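The block underneath contains the structure these notes are about, expressed in structure tokens.
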Amino acid sequence: MEELAKQYSPKDVEDKWYKYWQDQGFFKGSPCSGKKPYSIVIPPPNVTGILHMGHALNESIQDILIRYHHLRGFQSLMLPGTDHAGIATQNVVEKSIAKLGLTRQKIGRAEFIKRVWLWKEEYGSTIVHQLKKLGVSCDWSRERFTMDDEYSEAVKTVFVALWEKGLIYQGNKVINWCPRCQTALSDEEAPHNELQGSLYYIKYPLKEPAEEKYLVVATTRPETMLGDTAVAVNPKDKRYKNLIGKSLVLPLCGRQIKIIADHSVDMQFGTGAVKITPAHDFNDYITGKKHNLEFINLMHPDGRMNENAGNYNNLDRFKAREIILHDLQEQGLLEKIEPHQLSAGHCYRCHTIIEPYLCPQWFVKMAPLAKPAIKAVKQGKIKFHPERWTKVYLNWMENIQDWCISRQIWWGHRLPVYYCRKCHDSQLSAVSLQLSASARKSFNGIIVSKEFPKKCPKCGSTDIYQDEDVLDTWFSSWLWPFATFYWPNFLRLAVSGQRPTVSDQQRKEELSAESKKLKADLKYFYPTSTLVTAPEIIFFWVARMIMAGLEFMHQIPFKDVYLHGTVRDAEGKKMSKSLGNIIDPLKIIEEYGTDALRFSLISITAQGQDVFLSKERFEQGRNFANKIWNASRFILLNRKRAGICVDLVDFAKKNKLSVINRWMISRFYSCLEQVQNDLDNFRFNEAANTLYSFFWHEFCDWYLELIKPEINDPATEAVTNALLEQYLRLMHPFMPFITEEIWQKLQVAQGLSIMQTDWPRMQKKLLDIAAENQMQLCCEIITTLRNMRQEIEVAAQDLISAKIFAPDESSLRVLEPFSGYIKNLARLDNLSIACQYQPKSCEYVTLLKQIHIVIPLSGVVDLKQQLDNCNQKILKLNSEIKNKRSMLENKDFVGRAPKEIVNAERGKLTQMLNQLKKIEAIKDALR
RNA sequence: GGGCGCAUAGCUCAGUUGGUUAGAGCGCUACAUUCACAUUGUAGAAGUCGUAGGUUCGAGUCCUAUUGCGCCCACCA
């Protein structure tokens with residue numbers, strides 16, 4: 001028999017098994033007609049990503065689901081891949097070429113993209129390798145990247161389809177602009193954060209001063225005043241009623257602007273007069289449209305003021321603010337400054353304060369897409385877990401805004417938008433870019449097409465160029481659940497492109513066969529089963545996938561969405577590089593092992609609650625792995641032969657099993673039922689904790705200790721081995737490596753892997769409540785005796801005598817078979833079990849339920865302790881009896897509570913009274 | 001301004017549909033090392049379940065209000 005080391009060493013087994021599983025193709029998910037599919041597409045991590053605890057938690061949960069369903073007989077598929085992460089990746093590569101003294105502008109678009117691909121080839125697989133360390137059962141042969149050629153086809157197809165449906169339009173609107181990344185962002189990419197700022201009160205002189213010389217406006221961004229084209233007041237505001245329609249002279253630039261009336265102005269805020277800067281504020285844009293105001297763009301794309309800012313040209317927007325304030329002060333036009341809390345959008349990639357910026361961008365009209373997506377969730381076709389996220393989803397969807405999808409960066413899917421220089425550019429002007437639906441009906445030189453158009457459909461010109469912008473990364477991610485299956489063309493371009501040796505005909509046939517296969521693949525695995533992700537990306541990703549799925553596949557993309565919490569540090573802060581509070585999963589794996597990492601993470605993740613993590617947490621997982629290891633070691637060391645993992649159902653039928661074996665088998669199945677139930681309801685931590693306490697506290701602490709003397713009994717040996725083997729299968733989704741390692745050592749079936757077994761089937765017939773109750777009593781007697789030994793200070797190694805008195809003959813018969821177990825675990829050299837206790841002095845007695853447990857004492861003994869115990873118990877019992885009595889005397893309780901409950905309570909009272917009598921008898925004997 | 005989450009043992013948290021005496025891990029106290037495991041075992045101490053009302057025969061659990069902490073959404077300049 002192979003020796004097991006005294007301690008479990010994850011390093012020796014993890015890589016070995018992962019390679020084996022992969023080599024054997026166990027992770028491969030191919031359609032299988034006899035099996036139900038269970039599929040998960042993993043949230044593709046950014047190619048620039050490095051593994052953090054969030055990934056570790058996310059992947060662990062998914063892998064548990066996959067391995068669990070795999071064992072339960074589903075054809076499972078965990079599809080991996082990475083996201084090209086437009087802005088993030090571009091930033092990383094820009095930084096790397098900056099070290100060579102280069103900028104992307106210097107090297108040009110083509111060269112830059114080439115470098116990004118090179119970077120991707122070199123570093124893009126880092127995250128993939130790291131994911132493998134987590135033991136995830138991804139089908140790596142299906143790994144996808146959102147910039148794969150085939151994937152790009154899907155993106156283009158979707159763009160064109162939405163365009164043709166009139167759901168994509170180009171518009172000149174105020175959008176979120178990041179002056180550092182120099183691109184537009186969607187609303188979701190510009191989260192608002194609180195800032196401590198100031199509210200500046202600025203005097204705007206009236207053109208024709210009367211009683212009033214000035215109108216004072218309050219603003220948080222004084223630099224934008226140079227772009228003001230009106231000041232608005234509320235028409236109901238008595239203070240300003242007579243000023244409406246009058247003109248003001250804009251300080252510092254002398255331009256004249258009108259005072260207008262608008263109901264949206266809050267009279268309570270500031271002075272009740274609002275400067276209107278339509279090109280640099282979302283509200284003002286709307287007001288500007290409404291009142292037909294002029295739009296003045298004040299800034300260069302990098303956040304410096306432009307020529308429209310006059311003297312402040314070329315100054316950074318914040319520097320300009322300082323100087324403008326200084327100049328206003330000098331001219332006596334700055335009335336006052338108040339501290340003011342405000343919130344401003346920040347770039348989610350570089351955290352720069354975004355600038356509301358007027359420029360032409362491309363948008364998706366979302367409301368029509370949202371409608372069916374709302375319905376699907378309301379009808380329960382897609383369920384969120386925990387359920388509360390449903391509301392968050394619906395609230396966002398019901399107030400959905402159009403999605404700005406164009407980005408002024410280079411890395412990403414280029415818009416499939418082309419312009420005829422002749423037809424388009426001639427009518428180009430900044431303002432006329434606002435294209436209404438009706439305007440688009442007549443051709444304006446814009447060609448939206450998957451392919452580069454050969455000529456302009458109107459004028460036939462070949463002078464055509466492509467739009468410079470690329471699409472928002474999420475415009476590709478939202479197709480992930482089906483684009484990863486080679487939708488819509490079902491062709492693998494990389495494969496079809498080569499193979500010069502085969503004939504055209506042959507290749508055609510091959511391609512059509514492959515395409516058929518890919519189509520079947522999608523049909524089999526889509527809709528996917530469960531999406532596991534973090535709540536932060538409900539809007540970015542989850543909601544949009546639902547919309548895309550319904551729009552393009554006419555089916556939901558997944559049935560269940562499980563949202564897990566955010567991993568935080570012990571203080572509750574988000575883990576981040578800049579805070580330096582990161583716990584690196586790879587270091588944890590190195591130190592404690594992957595199984596420990598997975599188990600610890602799962603066991604502390606209550607349904608969607610955030611996880612507060614400290615390194616010590618992982619000790620629990622490591623210790624548990626070691627416990628499993630050592631219990632197995634014990635079983636393996638003691639067994640006479642390999643391969644004795646019997647079928648429990650069959651074995652129980654053919655053999656009359658002892659109560660202890662029936663008990664443990666019963667406990668196992670009750671554990672199984674619980675775990676299954678928990679997993680089916682996304683209660684991963686409950687499942688983990690059930691498995692933990694069953695194994696450690698029931699199987700090891702009690703069962704193995706109890707059976708030690710009879711370890712070589714053939715029936716016990718068979719049951720023990722079978723239970724361990726089946727337990728390993730339950731444990732496998734949580735701790736894949738150690739369970740495989742031990743399972744192999746058990747030599748259950750030569751040449752097979754634990755991954756090729758089945759999840760044990762529930763056996764209701766093997767649940768044995770009687771055996772459970774009896775064994776529980778046995779254990780309680782042992783615990784009571786151990787406790788009594790400590791109270792009378794018997795040394796741990798000493799053997800003593802004890803007596804047990806049952807209340808009646810039938811309980812006596814139940815207790816008698818336990819004599820050996822009790823003697824052994826309570827360290828007794830002599831135990832008598834009899835009926836009907838008679839109080840005596842000189843003995844230490846404890847009452848357990850109706851059973852007297854007695855340790856005879858010899859010599860001079862201090863009985864004060866025992867007397868104290870008795871008194872304490874009597875006191876407690878009396879108060880409990882009083883409560884129970886008043887409860888049962890309450891007519892409402894007796895009348896309204898269910899009969900079972902009332903009867904149970906009556907029974908309890910009887911027992912308590914009985915108990916009280918007996919304790920008083922013991923006390924009397926002490927005197 | 002709207003919405004959500006959390007408050008339970010010294011610490012970190014479980015507690016599914018209201019029904020025995022509210023649980024775990026860590027920590028703490030005492031004891032134990034020729035025993036599968038000291039990454040261990042045995043026993044123990046420790047909680048008026050944030051506060052105030054309400055519903056109910058019965059509330060940690062349901063309702064209302066309130067306090068504190070955290071998060072999300074929203075155009076208050």
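In what follows, chains are A, B, ... by sequence order, proteins preceding strands, each numbered from 1. Bear in mind the structure is a predicted one, so any value in this text is a computation, not a measurement.
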Residue closer to the 5' end of RNA chain B, A:Trp396 versus A:His697 (nearest nucleotide): A:His697
Spacing of A:Phe684 atom CZ relative to B:rG15 atom C1', expressed in whole Å: 19 Å
Nearest-Å distance once atom C1' is located in both B:rG50 and B:rU61: 16 Å
Between the protein and nucleotides 75-77 of chain B, list every N/O to N/O distance that falls short of 3.5 Å.
| unit_1 | atom_1 | unit_2 | atom_2 | d |
| --- | --- | --- | --- | --- |
| B:rC75 | O2' | A:Asn283 | ND2 | 2.5 |
| B:rC75 | N1 | A:Asn283 | OD1 | 2.8 |
| B:rC75 | O2 | A:Asn283 | OD1 | 2.6 |
| B:rC75 | O2 | A:Asn283 | ND2 | 2.7 |
| B:rC76 | O2 | A:Asp266 | OD2 | 2.6 |
| B:rA77 | OP2 | A:His340 | NE2 | 3.3 |
| B:rA77 | N6 | A:Asp266 | O | 2.7 |
| B:rA77 | N6 | A:Phe269 | O | 3.0 |
| B:rA77 | N1 | A:Asp266 | N | 3.3 |

Length of the line joining A:Gln674:CD and B:rU16:P, which is rounded to integer Å: 12 Å
Watson-Crick and G-U pairing of RNA chain B, under 3.5 Å, as dot-bracket with | and [ ]: (((((((..((((.....[...)))).(((((.......))))).....(((((..]....))))))))))))....
Out of B:rU21, B:rU39, B:rC37, whichever nucleotide has its closest atom nearest the side chain of A:Arg622: B:rU39
Shortest side-chain distance from A:Gln790, nucleotide among B:rA36, B:rU20, B:rA30: B:rA30
C1' spacing across the pair B:rA77 / B:rC4, given as an integer number of angstrom: 28 Å
Sugar-phosphate only, base, or nothing, as touched by A:Trp702 at under 4.0 Å among non-hydrogen atoms: nothing
C1' gap between B:rC28 and B:rA65, integer Å: 39 Å
A:Lys708 charged N/C atom sitting above A:Phe634 aromatic ring, 6.0 Å / 45°: yes
Side-chain donor-acceptor contact under 3.5 Å, A:Thr277 with A:Asp228: yes
Sugar-phosphate only, base, or nothing, as touched by A:Phe539 at under 4.0 Å among non-hydrogen atoms: sugar-phosphate
From A:Tyr348, A:Trp396, A:Tyr393, A:Trp389, residue fulfilling ring-ring contact (aromatic ring centres under 6.0 Å, His included) relative to A:Phe539: A:Trp396
Rounded P spacing from B:rC35 to B:rA30 in Å: 26 Å
Protein-nucleotide distance (A:Leu704, atom CG; B:rC35, atom C1'), rounded to Å: 13 Å
Distance flag, aromatic centroids of A:His385 and A:Tyr562, threshold under 6.0 Å: no
Out of B:rA14, B:rC37, B:rA43, whichever nucleotide has its closest atom nearest the side chain of A:Glu686: B:rA14
Touch class at under 4.0 angstrom, heavy-atom based, for A:Lys6 against every strand present: sugar-phosphate
Those residues that, when tested against A:Pro251, pass side-chain contact (heavy atoms from CB on, under 4.5 Å) (two or more places apart): A:Tyr204, A:Pro205, A:Met225, A:Leu328, A:Leu333
C1'-based separation of B:rG44 from B:rA36 [nearest Å]: 26 Å
Side-chain donor or acceptor of A:His280 paired with backbone N/O of A:Leu298 under 3.5 Å: yes
Distance, rounded to the nearest Å, where A:Ile800 contributes CD1 and B:rU42 contributes P: 18 Å
